[in-house]
Amino acid sequence: MSDVGEGRRARGGGAARRAERTAVRIECAKFIERNIPNLEILNEEALQIIEHNAETILEEIGVNFVENPAALERWKDAGADVQGERVRIPRGLARELCKTAPSSYVQHARNPERNVTVGGKGLVLAPVYGPPFVRDEGGRRYATIEDFQKFVKLGYMSKWLHHSGGTVCEPTDVPVNKRHLDMLLAHMTLSDKPYMGSVTEPVRAEDSVEMSKILFGDDFVEQNTVMTSLININSPMTFDGIMMGALEVYAQHNQAAIISPFIVGGAMAPVTVAGTLTQVLAEVLAGVAYSQLIRKGAPVIAGAFVTSIDMNSGAPTFGTPEASHVTYGVGQLVRRLGIPYRSAGGFTGSKVPDAQAAYESANSLNMGLLAGVNFMLHACGWLEGGLVSSFEKFVMDADQLGVMHHLAKGIDISENGQALDAIREVGPGGHYLGCAHTQANFKSAFWRTNLLDYKPYETWEEEGARDTVQLARERVARMLADYQKPAIDPGVEEALNEYVAKKKASMPDAFM
């Protein structure tokens, strides 16, 4: 007992303990490893029908590889029927080529403790990607590089996010041909989590590789995966030269690509779920197969961005049952291919982080967990159908990602989980608040929010009757004020800054 007392006095007693509780901690949970089953919505007969029909599309209708003569030559050499820019792939060829894609891979972070494994039962969560606008207490406006840097900082400080992401917002105050450099620099220096590379031109993908070599070393990058980048297919069934050019760069250097059809049911895919699943599978087969024509064994993720349209307004809809059906179905089809799966996110069409945003995002996030998704882009911050990155919704969503971690654990049926000792101790008519089992487990027994308000009404009213948006706004400010830049080798940071400065100076500004 005396040792404990002396230790407490040496640390300053109660004041020291209070200071320890309030000190800034940068926590990062390990990527999710599911201990719950996937939800499988298709029976074996349905799976075989969709797989057969997808092969029929590839063989009879074909896909377009546009503005990419080298891709056409590769397909011709592989045995496809190439007429103009149309590529018809014999039944079974694409699936055979897909067999060399790895079932999982490790993406390395500059802090090895932040490495993630993509595939298997894992789920890696990454933030919103691509919006040109941001929303904060000042309303909706075009995004800036300062906004971008703030989102990277928030992502770094968010416990339940495993990945820094890519274009968390589009910094419109930086020229189009140069902004990828500033974005990569922010991910590399303001965070030590894994990040994504640029895909908007092949040369920007090459810049991403070169900057990664400065950060990790040439040999390390050539032998390990340090980027996972998003390659969208122009659905229906079109593979453009810019995206495929970026894919070629990454595959050649053993860097991972998410090969993802962009599905808007009723516009870029059929209105029926089975028809959409068939088209998605055909596009995935062609895209993954092409990555393996570039380099056998190149790491890839089969993706599916899924939404439908409102038939009255033409606007995209999110959190719908049809989207869930497609997401569950694609998960089954991709698992049969034996490669990692990307889908879902905190999707909403709402203009502000309101009840609609919460309902739609909750539906979208949960379907991703249950569908067996391995890499979830847009896990937090998405608003207005992907046009807006919201600071408030970023922290609201990021808080809820903790729920997904806890759901994925499944039910503990160990001796401690069974809690028979507690039930014996308390007996009929008692309570569990003070029993030994509760005392031993209370710190970790339940998921705890860092945002939501569970206080009594009187306390809530006395503290200003703040709603969730106000609480989120205050949390954003607090997190940014507490931000501490992760350590980085000064020589590496200087080399990165020099590369960016030299590259920017080598070309005039372009905003198109």
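In what follows, residues are counted from 1 in the order of the sequence shown. Quick caveat, the model's predicted, so the values are computed rather than measured. Side chains included, hydrogens not; waters and symmetry mates left out as well; all remaining heavy atoms used.
Smallest separation of non-hydrogen atoms from Asn177 and Pro508: ND2-O, 2.8 Å. Residues Cys98 and Leu285 approach most closely at SG-O, 3.7 Å, considering heavy atoms.
Ring pair His163/His187: centre-to-centre distance not below 6.0 Å. Between Phe318 and Trp382, the ring centre distance stays below 6.0 Å. Phe305 and Phe347 have their aromatic ring centers within a separation under 6.0 angstrom. The distance between the ring centers of Tyr142 and Phe133 falls below 6.0 angstrom.
A side-chain donor-acceptor contact under 3.5 Å links Thr144 and Asp147. Ser235 and Glu283 are linked by a side-chain donor-acceptor pair at a separation below 3.5 angstrom, with hydrogens and angles left out of the test. For the residue pair Tyr290 and Arg74, a side-chain donor N or O sits within less than 3.5 Å of a side-chain acceptor on the partner. The closest side-chain donor-acceptor pair between Thr228 and Gln107 falls under 3.5 angstrom. Residues Glu248 and Asn68 have side chains that bring a donor and an acceptor to within less than 3.5 angstrom of each other. Judged purely by distance below 3.5 Å, without hydrogens or angles, the side chains of Asp81 and Gln83 pair a donor atom with an acceptor atom. Using modelled atom types and a 3.5 Å distance limit, the side chains of Thr449 and Asp399 yield a donor-acceptor pair. For the 3.5 Å distance criterion, the side chains of Arg135 and Ser389 fail to qualify, holding no donor opposite an acceptor. Side-chain contact annotation: Lys393 with Ser361, donor-acceptor N/O pair under 3.5 Å present.
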Discussion item. Run Tyr250 and Val209 through side chain to side chain contact (heavy atoms under 4.5 Å, CB included) and show every step you take.
Written reply: CA-CA 8 Å; Tyr250 288 125; Val209 172; 4.2 Å; yes
Practice prompt. Verify salt bridge (Lys or Arg N to Asp or Glu O under 4.0 Å) between Arg141 and Asp136, making sure each step is shown before the conclusion.
Written response: CA-CA 9 Å; Arg141 56 182 172 76; Asp136 57 15; 2.9 Å; yes
Worksheet item: Hey, mind stepping through Glu55 and Arg95 against salt bridge (Lys or Arg N to Asp or Glu O under 4.0 Å) and telling me if it holds?
Response: CA-CA 9 Å; Glu55 294 275 9; Arg95 188 172 290 271; 3.7 Å; yes
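Using modelled atom types, one side-chain atom of Gln255 and one backbone atom of His253 make a donor-acceptor pair closer than 3.5 Å. A donor-acceptor distance shorter than 3.5 angstrom exists from the side chain of Thr348 to the backbone of Ser350, with no hydrogens or angles considered. Under the 3.5 Å distance criterion, the side-chain polar atoms of Ser164 are left unmatched by any main-chain donor or acceptor of Lys193.
Relative ring orientation between Trp160 and His406 is described as perpendicular, the plane-to-plane angle rising above 60° on a 0-90° scale split at 30° and 60°.
Listed by chain and number, the residues in a salt bridge (Lys or Arg N to Asp or Glu O under 4.0 Å) with Arg295 amount to none (sequence neighbours excluded). Considering only residues two or more places apart in sequence or on other chains, Glu59 meets the salt bridge (Lys or Arg N to Asp or Glu O under 4.0 Å) condition with Arg91.
Other residues, nucleotides and ligands contribute only 12 or fewer heavy atoms inside 6.0 Å of the CD atom of Glu146. By the 6.0 Å contact criterion, CD on Gln48 is enclosed, its count of non-hydrogen atoms from other residues, nucleotides or ligands being greater than 12. The number of heavy atoms from other shown groups lying within 6.0 Å of NZ (Lys121) does not exceed 12.
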